[in-house]
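Below: one structure, written as structure tokens.
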Amino acid sequence: MTAPRAGFEGSYLGANDRISDQAIMECKICWTPYDPAHGDDFRQVLPGTPFSALPEDWHCPNCDAPKEQFIVQSDPGAPELIEQQRIDEQVALLVADFREIWHAKMRDVPLVNKALSIEAVGFMAHEGRGLGVLLSPWFMNLILLPGAGEDWSTLTPGDKEDVHFPSGTYEFIHNRREMVGGYKACALFSAMGDFQTQMQARDVARAVMGELFKEKNRAETARTGDIRAAREAELAAAAAAETAEAEDQARAEALAHPSRRQLISGGLAGDKTEEGAA
């Protein structure tokens, strides 16, 4: 016979370690809350007593339901919430940094989209770091922020790093700003002229965050890399063709205007400066 699981059945299948001492619990029979800040006058439970520390025979003061019938109403001390609060603080600094750039340097630049504003979209915890999209009137970037205890203040701006996601591998560029410190950015849109409204740009950012974690997009990501490589090859070939054309033009001009030495030697001499020329 399987031993009964310790804890309570109402939330997280009895995993007491998933709730903090600040968790406000709620009876799922009559919806009566237990707030550790208030305790329970009926059972003489002192304020500050967490739900996990209540006596085993404690029951709902309203309907007499046992502890196992309580679920989490809210938990400001949960590890996930604490981590999200840390990320939210980083994001607030990031947004403040770029709002300063917008007002100080970019507002009068002709190519910016003045229908848009600085906004952080979809920031979440990913492998211990903050990840989300930063919108601005002149770019949309995927942003990676340092985890708790990580020091990115020594990042060299402009350095590149490949970061792996289920949908593929993306190139992030290292950056530093005065308020937020070090962060890494992957360009999604380097010009924002196609966006008509902030809501439209926001919807695209949210879609990016969803598609980023879908493995089915990996093939398309790889194809994008192939397309980029092919385009770079085309540009290199075009540059080589231009160089060859310039060399042919130079030779044609040399033949059209031969030097005196070339004329005297029947074109067998090079274009060296004539010695003793008058």
Side-chain angles (χ1 to χ4, degrees), residues 1-96 119-133 143-152 164-167 180-181 183 202 205-215:
M1 182 176 179
T2 303
R5 183 167 181 170
F8 54 97
E9 67 183 40
S11 291
Y12 306 122
L13 298 177
N16 277 313
D17 58 346
R18 294 287 299 276
I19 65 169
S20 76
D21 289 350
Q22 301 175 45
I24 299 174
M25 307 298 291
E26 186 175 68
C27 176
K28 67 180 184 179
I29 306 300
C30 69
W31 310 115
T32 296
Y34 174 79
D35 187 340
H38 301 149
D40 178 10
D41 291 338
F42 184 74
R43 286 288 305 270
Q44 297 182 341
V45 175
L46 296 175
T49 303
F51 186 82
S52 58
L54 291 174
E56 289 302 318
D57 62 350
W58 183 88
H59 287 69
C60 174
N62 185 55
C63 72
D64 207 38
K67 283 179 61 179
E68 290 77 9
Q69 297 301 314
F70 275 68
I71 60 176
V72 175
Q73 181 191 87
S74 63
D75 190 357
E80 294 86 353
L81 288 178
I82 293 174
E83 174 65 2
Q84 189 61 49
Q85 289 169 0
R86 185 189 68 81
I87 293 171
D88 289 345
E89 290 173 0
Q90 290 179 310
V91 172
L93 294 174
L94 180 73
V95 169
E119 182 180 352
V121 178
F123 273 84
M124 55 179 281
H126 172 65
E127 296 183 349
R129 295 170 177 154
L131 175 71
V133 175
I143 301 292
L144 193 61
L145 298 170
E150 285 187 311
D151 181 9
W152 285 5
H164 306 286
F165 294 94
S167 60
V180 74
Y183 67 96
R202 188 185 302 124
R206 287 172 176 162
V208 167
M209 289 300 294
E211 297 298 321
L212 191 63
F213 295 96
K214 295 181 180 178
E215 290 189 8

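Since the structure is predicted, the reported quantities are computational estimates derived from the model, not experimental observations.
- Considering only residues two or more places apart in sequence or on other chains, Asp151 meets the side-chain hydrogen bond (donor to acceptor under 3.5 Å, both in side chains) condition with Ser153.
- Within 6.0 Å of atom CZ in Phe213, more than 12 heavy atoms from other residues, nucleotides or ligands are found, so the atom counts as buried in its surroundings.
- Here Ile24 contributes atom CD1 and Ile71 contributes atom CD1; the two are 13.0 Å apart, rounded to the nearest 0.5 Å.
- Rounding to the nearest 0.5 Å places CD1 of Ile29 at 11.5 Å from CG of Asn62.
- From Ser52, atom OG reaches atom CE of Met25 across 9.5 Å, with rounding to the nearest 0.5 Å.
- Remark: Gln69 CD to His59 NE2 distance equals 10.0 Å, nearest 0.5 Å.
- Under the 4.5 Å side-chain criterion, counting only non-hydrogen atoms from C-beta, Met124 is not in contact with Ile87.
- A distance of 13.0 Å separates CD in Gln90 from OH in Tyr183, rounded to the nearest 0.5 Å.
- Residues passing the salt bridge (charged side-chain N to carboxylate O under 4.0 Å, His left out) test with Asp57 are Arg43, sequence neighbours excluded.
- In this structure, the separation between OG1 on Thr32 and CD on Gln73 is 10.5 Å, given to the nearest 0.5 Å.
- The distance between the ring centers of Phe70 and Tyr34 does not fall below 6.0 angstrom.
- The shortest side-chain heavy-atom distance between Glu215 and Pro166 falls under the 4.5 Å cut-off.
- The pair Arg86-Glu89 fails the salt-bridge criterion, with no side-chain N (NZ, NE, NH1 or NH2) lying under 4.0 Å from an Asp/Glu carboxylate O.
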